[in-house]
Amino acid sequence: MKVTVEISLYPLHEQYESSVLAFIEKLRRHPEVVVETNGLSTQIFGEYDFVMKELLPLHIQEVFKKEKAVVVLKIGQGHLRYEE
C-alpha cells in the first residue's frame with residue numbers, strides 16, 4: 001500500500017537548522033521513497049511497510065539518541081501529492 005507521510009522535526013536546541021537538514025538528507029538517500037520539502041515540513045511518498053517499519057524508525061531513533069527533539073507525523077493512504 002502506498003502512503004504519504006508528512007514529517008516535521010523540531011530539535012530542541014539553537015542549532016536546529018543543521019539537524020533538520022541532516023535528517024532530510026538521510027531520508028533522501030533511500031531510492032525507495034520520494035522526499036519533498038517546503039518551509040514547514042517534509043513529505044515522504046513510498047510503500048507503507050518500508051516507510052513505517054524501516055525508514056522512519058531507523059532515522060527517528062537516531063535523532064532521539066543524539067539530541068532532544070519533537071517529531072510530528074501525519075500519515076495518509078496513497079500518494080497525496082498536489083500537482084498543478
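More than 12 non-hydrogen atoms from other residues, nucleotides or ligands lie less than 6.0 angstrom from CD of Glu25. For Glu32, the CD atom sits in a packed shell: over 12 heavy atoms of surrounding residues, nucleotides or ligands are nearer than 6.0 Å.
How far CD of Gln77 is from OH of Tyr48: 11.0 Å, rounded to the nearest 0.5 Å. Rounding to the nearest 0.5 Å places CG of Leu9 at 10.5 Å from CG of Leu73. We find the NZ-CD1 distance between Lys65 and Ile60 to be 13.5 Å, quoted to the nearest 0.5 Å.
For the residue pair His30 and Leu55, the shortest heavy atom distance occurs at CD2-CD1, 3.1 Å. The nearest pair of heavy atoms linking His13 to Lys68 is CD2-O, 4.5 Å. Shown here for Phe64 and Ala69, the closest heavy-atom pair between the two residues is CE2-O, 3.5 Å. Across all their heavy atoms, Phe23 and Val63 have their closest contact at CD1-CG2, 3.6 Å. Across every non-hydrogen atom of Gly78 and Thr4, the tightest pair is O-OG1, 2.8 Å. Smallest separation of non-hydrogen atoms from Lys2 and Glu47: NZ-OE2, 2.9 Å.
Counting heavy atoms from C-beta on, the side chains of Leu40 and Glu6 never come closer than 4.5 Å. A heavy-atom distance below 4.5 Å is not found between the side chains of Val71 and Tyr10. No side-chain heavy atom of Val33 sits under 4.5 Å from any side-chain heavy atom of Leu27. Between Ile44 and Ile7 the shortest side-chain heavy-atom distance falls below 4.5 Å.
Counting only N and O atoms by type, the side chains of Ser41 and Gln43 include a donor and acceptor under 3.5 Å apart. For Glu67 and Ser19, the side-chain atoms include at least one donor-acceptor pair closer than 3.5 Å.
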Using the side chain to side chain contact (heavy atoms under 4.5 Å, CB included) rule, take Glu36 and Phe45 through it: C-alpha gap first, then chi angles, then the decisive distance, then the call. CA-CA 9 Å; Glu36 295 182 357; Phe45 306 93; 3.9 Å; yes
